[in-house]
2 protein chains.
Amino acid sequence: MSVTIKDVAKKAGVSPSTVSRVLSNHPRISAATSRKVREIMEELGYHPNMMAKSLVSKTTKSICVILPKPAEELFLNLFFMELIRGIVAQAARSGYDVLISSGASEAEEVEAVARLVNGRRVDGAVLLYSRKDDPVVEFLKERNFPFVLVGRSERHPDILSVDTDNVQAAYDAARHLISLGHERIGFVGGPPNMVVSIDRMHGYRKALEEAGLPLRSDWIVEGEFLQDSGYRAMSLLMNLPERPSGMLVVDDFVTFGVIRGLNELGYRIPQDLSIVSFNNLALAELSSPPISSVDIGSYHLGYTASQTLIRAVETAPEERMPVRHIIPHRLIVRESSLYAPLNKA
Amino acid sequence: MSVTIKDVAKKAGVSPSTVSRVLSNHPRISAATSRKVREIMEELGYHPNMMAKSLVSKTTKSICVILPKPAEELFLNLFFMELIRGIVAQAARSGYDVLISSGASEAEEVEAVARLVNGRRVDGAVLLYSRKDDPVVEFLKERNFPFVLVGRSERHPDILSVDTDNVQAAYDAARHLISLGHERIGFVGGPPNMVVSIDRMHGYRKALEEAGLPLRSDWIVEGEFLQDSGYRAMSLLMNLPERPSGMLVVDDFVTFGVIRGLNELGYRIPQDLSIVSFNNLALAELSSPPISSVDIGSYHLGYTASQTLIRAVETAPEERMPVRHIIPHRLIVRESSLYAPLNKA
DNA sequence: ACGGTTTGTGCAAACGTTTTAACAAACGGG
DNA sequence: CCCGTTTGTTAAAACGTTTGCACAAACCGT
């Protein structure tokens, strides 16, 4: 059917082993044979069969990225796409292919990963964000299969991971509002079982406590990484007798909901409410008004994750060291955040 | 190292062949042996090695999706993510894995595909959109490797493809503006070498000609699938002595640029300019004002592409028939399009 | 009771590589 | 000129499956 190493060997008058060695640049191959064999390979249009290769080398030169269960909802897409672009770009550069895996339910998710891992279809995995006790983390860790987590695991600190310092990011965002004179600052958070939500909440609290500002529980709303979440949060918040003058919102998509809600209620941004958001998706810049947002370098995050993973895959298991990479973030100030109005309280 | 079919066979006191047959539900295996073998598999934690399987079956149970060269630019992400979600979901359902491939340059792109195809790493490919004479299409077609194109190939109509009827979609969008009374309608298009741009342009022309409206070349701007493209288009258009009252814009992202441009110039939407856009990304709804946009069912597009491809992969080459699936679109009217102002010209 | 069919299982080859061990030839130093 | 290296090549086993062929046992109709 298709041309194999044997065909090449026969035509070149050498053994298959020799051809294989030519392919892998074995030092003890004479220049003459090498040239000859390469010529024949070209002529016959030979291409190595990866499956055969994998079988003997026990290595697939591919990694998988595992999307969290409801990829349809969380972080809505744009964010993941950036991340994946980074992963794919880096992997390609190291000669790795990238497989995408996701499941409809949490059970399916583990099952899908199990298929890939047990079937030795991939050499490593990139796990995108995780819940508090993520079953996929448990699964991979137990099998000690190489993987890197984009995000942070509360239960397992001794893990390869690439993350944003979300506590600091939220702290910085809050400081920004504080430095603009805001004293009544609220927070629209994400799902309370996701580590990223938890961390951002901490940063928010820390900044407010440190500045001696009131932490009012009715100004803190938890929700999803969905537009609607922001919309609903506004209905609640803006009907309170005492309203915040500034707001941290856990994600740009959610912020869109916030803005929509405010518009409907007749409030203006940033005059009535200053907003700082996270992730700095393309949306943030395109919004009207453009949203101040903490850029967490999604592409970079993905790129580093891929790099870290592949490095791990290629070192002997006993020499692998758990590393935690922190990708720097930076606040991009746009029009959604402005000085606090003078009349306090 | 890890448990193989032989280990299971030995422990169960049968031959490897028998175990293999149990695995594939061969009809001539006694219920007793089957039960026994399965028990042992469970006990030993056996999982088939996909590489070995692939080697003999010459089938990998995976497909790849090929992103167009500058995925960073074209259609900006959201659109592709939806498509990919559809592809992955359907593939998973059929037991296939999905590999993502993309290259930095056009050459790299072909090379990346060649690696996957020649290395027999995937059984088929989904190609996302294509340029007028796409080298990847040529490559795959020549090798007659199973693939489906999301989009349309001008040069090769006899190909598996899944597409929107973009001519009709643009026609519908234009008709919408016309029915609102607009008589001066412009068009912000995409790259002129992409089939999708070409088709939408045709639909636009067709509707205007049919209605006897003027087709003014200074109201037609070609560009990229980028926000900036829309922004620049506005600078040009709105400074003309005669301005359109309605506008078709090839993509929601581009529309964001249009809106930004208009805002800066002090024009209002839809009062000064009605806009209808394409793709109906999450952005369209979130924009202010919300954008009227033609929904082309990206997820559905991906889902169908995957399904079509896998069906093709699983039928004998001689029985494969070129099919062209058209996914229905529909115009979602929002606030960006309104009745034309009464004072004409 | 006998031949023919059906049912259940095993043997061994095949898939396309890599790699270890062995070996022949060429080389080089005394 | 002989012996120990170095250099270039090969034969064969291994990786973990599937599958065609062969074969024994059980079954069935006459």
Side-chain angles (χ1 to χ4, degrees), chain A residues 1-38 40-41 44-62 95 115-123 314, chain B residues 1-38 40-41 44-62 95 115-123 314:
Chain A
M1 195 77 238
S2 79
V3 28
T4 79
I5 222 174
K6 286 186 193 169
D7 302 325
V8 177
K10 188 166 294 173
K11 182 133 187 180
V14 297
S15 78
S17 342
T18 301
V19 177
S20 171
R21 289 199 239 269
V22 168
L23 235 36
S24 54
N25 295 311
H26 188 99
R28 290 209 205 155
I29 287 288
S30 74
T33 352
S34 175
R35 200 169 349 99
K36 175 82 175 276
V37 168
R38 281 177 202 288
I40 307 272
M41 290 194 316
L44 261 42
Y46 168 77
H47 292 277
N49 180 317
M50 288 313 188
M51 292 306 143
K53 218 167 167 160
S54 290
L55 182 56
V56 24
S57 71
K58 287 172 171 333
T59 232
T60 63
K61 285 283 196 179
S62 40
R115 260 203 20 238
L116 294 176
V117 170
N118 291 329
R120 295 135 198 102
R121 262 192 110 118
V122 295
D123 299 341
E314 292 183 344
Chain B
M1 196 78 237
S2 79
V3 29
T4 80
I5 221 174
K6 285 185 192 172
D7 302 325
V8 176
K10 188 165 295 174
K11 183 133 188 182
V14 298
S15 78
S17 342
T18 301
V19 176
S20 171
R21 287 197 245 266
V22 168
L23 236 34
S24 54
N25 295 311
H26 188 98
R28 291 211 205 154
I29 288 289
S30 74
T33 351
S34 175
R35 199 167 351 97
K36 176 81 175 275
V37 168
R38 281 178 201 287
I40 307 272
M41 290 196 313
L44 261 42
Y46 167 77
H47 293 277
N49 180 318
M50 288 311 190
M51 294 305 144
K53 218 166 166 161
S54 290
L55 181 57
V56 24
S57 71
K58 289 172 171 332
T59 233
T60 62
K61 285 283 195 179
S62 41
R115 259 203 20 237
L116 295 176
V117 170
N118 290 328
R120 294 133 196 106
R121 263 189 112 118
V122 295
D123 299 342
E314 294 183 343

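Since we're looking at a predicted model, the values are computed, not measured. Numbered from 1 within each chain, the chains take letters A, B, ... in sequence-line order.
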With a 4.0 Å cutoff (strictly under), does any side-chain N or O of [X] reach OP1 or OP2 of [N]?
| X | N | value |
| --- | --- | --- |
| B:T33 | C:dT9 | yes |
| A:K53 | D:dC15 | no |
| B:K58 | C:dA14 | no |
| A:T18 | D:dT10 | yes |
| A:S30 | D:dT9 | yes |

Heavy-atom distance under 4.5 Å between the side chains of B:M51 and A:R121, does that happen here?
->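 Heavy-atom side-chain distance check passes, below 4.5 Å.
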
Using a 3.5 Å cut-off on both pairing distances, which stems of three or more Watson-Crick or G-U pairs include DNA chain D?
->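 Result, WC/G-U stems under 3.5 Å: C:1-30 with D:1-30.
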
Which one, [options], comes nearest to the side chain of [X]?
| X | options | result |
| --- | --- | --- |
| B:A52 | D:dT9, D:dG16, C:dT17 | D:dG16 |
| A:T4 | C:dT19, C:dT17, C:dC15 | C:dT17 |
| B:S20 | C:dT19, D:dT18, C:dG8 | D:dT18 |
| B:R28 | C:dT7, D:dT10, D:dT7 | C:dT7 |
| A:S15 | D:dA11, D:dT18, C:dT18 | D:dA11 |
| A:S17 | C:dT9, D:dG16, D:dA11 | D:dA11 |

A:S17 and A:R21: side-chain donor and acceptor closer than 3.5 Å?
->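 Per modelled atom types, A:S17 and A:R21 side chains form no pair under 3.5 Å.
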
Assess the side chains of B:S15 and B:T18: does a donor N or O sit below 3.5 Å from an acceptor N or O?
->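 Yes.
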
Closest approach of A:S54 to A:T59 (non-hydrogen atoms, all atoms of both residues) =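 Smallest heavy-atom distance, with atoms named: OG-O, 3.1 Å.
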
How is A:H47 classified with respect to the nucleic acid when contacts are heavy atoms under 4.0 Å: base, sugar-phosphate, or nothing?
->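 Sugar-phosphate, no base atom in range.
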
A:R21 (side chain) and C:dT20 (base): donor-acceptor pair under 3.5 Å |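 Yes.
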
If you pin A:I29 and B:N49 to their nearest nucleotides in DNA chain D, which one's is more 5'?
->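 In this pair, the answer is A:I29.
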
